[in-house]
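Numbering starts at 1 and runs along the sequence shown.
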Amino acid sequence: MKHCIRAAAAIALTTLGLSSCDHSPTMPRLDQLTFDVVSGDAQTSIVGTQLAPLVVKVTSGGNPVAQQILNFRVLSGGGSVYGGTELTDNDGIAQELWTLGTIAIQPQQVEVRAVESSTGAEKVFATFSATALPDKAAKIVAEAGDQQTAIAGTPVAILPTRCTCCATCTAAIRD
């Protein structure tokens with residue numbers, strides 16, 4: 001009899017313990033999150049170089065949100081991000097590395113976004129921008145109008161043009 005009472009008590013405690021786990025804490029919905037750019041926006045560097053890390057902080061009700069999945073995606077400029085998907089740490093911080101594209105005249109942008117797992121809702125948190133400066137010229141080539149002669153102060157028959165390309169450039173700048 002004693003064993004039956006102990007067994008029944010053990011079953012009752014186990015059932016009670018398991019039922020208390022039925023309502024585990026859940027992640028906040030994306031619309032409940034606040035996003036702050038900590039650092040990394042508005043950087044300037046030479047084309048094709050890696051910038052200082054992009055750092056973001058995710059909070060809900062002023063409290064850091066840990067384990068929030070964030071996706072970093074290059075929007076323009078042809079650059080790249082190192083990982084692409086990052087998790088926030090216990091302080092709500094996530095970091096990503098960004099390498100600028102190789103054409104200085106293109107806008108350089110990375111977007112930070114997430115998808116809510118329960119609803120599939122999309123959320124764009126922020127966009128980082130950077131300015132890509134041209135690298136030093138690897139070569140300058142006369143494309144047209146070279147070797148002409150004319151009287152001083154008069155136009156030449158063919159307007160001179162040049163092609164400038166830097167060491168990391170995939171497209172020349174013509175003027």
**Fill in**
Using a 4.5 Å side-chain heavy-atom cut-off and chaining through intermediate ILVMFWY residues, the residues clustered with Tyr82 come out as Leu97

**Fill in**
Tightest non-hydrogen contact, residues Gly92 and Pro64, listed as N-CB, 3.7 Å

**Prompt:** CD/Glu96 to OG1/Thr85 distance, rounded to the nearest 0.5 angstrom?
**Reply:** 8.5 Å

**Request:** Looking only at non-hydrogen atoms, find the nearest pair between Leu33 and Ser60 and report the distance.
**Result:** CD2-CB, 4.0 Å

**Asked** Any idea which heavy atoms bring Thr154 and Ala150 closest together, and the distance?
**Response** OG1-CB, 3.8 Å

**Request:** Give me the other members of the hydrophobic cluster that Ile93 sits in, counting Ile, Leu, Val, Met, Phe, Trp and Tyr linked by side-chain heavy atoms under 4.5 Å, directly or via other members.
**Result:** Val38, Val55

**Request:** For Glu111, enumerate each residue passing the salt bridge (Lys or Arg N to Asp or Glu O under 4.0 Å) test, keeping only those at least two apart in sequence or located in another chain.
**Result:** Arg113

Let me have the donor-acceptor pairs involving side chains of residues 46-53, under 3.5 Å, with sequence neighbours excluded, atom names and distances please.
unit_1 : atom_1 : unit_2 : atom_2 : d
Thr49  : OG1    : Ser45  : OG     : 2.7
Thr49  : OG1    : Ile46  : O      : 2.6

**Complete:** In this structure, CG of Leu54 is separated from CH2 of Trp98 (nearest 0.5 Å) by 6.5 Å

**Message:** Looking at every non-hydrogen atom in both residues, tell me the closest pair between Val156 and Gln148 and how far apart they are.
**Reply:** CB-OE1, 3.5 Å

**Minimal non-hydrogen separation, Ala104 against Pro134, with atom names** = CB-N, 3.6 Å

**Full working for side chain to side chain contact (heavy atoms under 4.5 Å, CB included) between Leu70 and Phe125** = CA-CA 9 Å; Leu70 299 176; Phe125 287 115; 3.3 Å; yes

**Message:** A quick test of your reading: do over 12 heavy atoms of other residues, nucleotides or ligands sit less than 6.0 Å from CG of Asp31?
**Reply:** yes

**Request:** Look up atom CD1 in Ile69 and atom CG in Leu87, then write down how far apart they are to the nearest 0.5 Å.
**Result:** 5.5 Å

**Request:** Would you check if Gln43 and Leu100 make a side-chain contact, meaning some heavy-atom pair closer than 4.5 Å?
**Result:** no

**Item:** 4.5 Å side-chain heavy-atom contact, Phe35 and Lys123
**Value:** no

**Asked** Would you find a donor on one side and an acceptor on the other, under 3.5 Å apart, between the side chain of Glu116 and the backbone of Leu30?
**Response** yes

**Message:** What's the separation between atom CD in Gln68 and atom OG1 in Thr59, rounded to the nearest 0.5 Å?
**Reply:** 11.0 Å

**Set of residues satisfying side-chain contact (heavy atoms from CB on, under 4.5 Å) with respect to Gln109, sequence neighbours excluded** = Leu75, Ser76, Thr127, Ser129

**Prompt:** How is the hydrophobic cluster of Val124 composed, in terms of its other members, when Ile, Leu, Val, Met, Phe, Trp and Tyr link through side-chain heavy atoms under 4.5 Å apart, directly or indirectly?
**Reply:** none

**Complete:** What one should report as the nearest heavy-atom pair of Val65 and Thr88 is O-OG1, 2.6 Å

**Request:** Measure the spacing between CD of Glu143 and CD1 of Ile158 and express it to the nearest 0.5 Å.
**Result:** 13.0 Å

**Request:** To the nearest 0.5 angstrom, please state how far the CD atom of Gln67 sits from the CG atom of Asp89.
**Result:** 8.5 Å

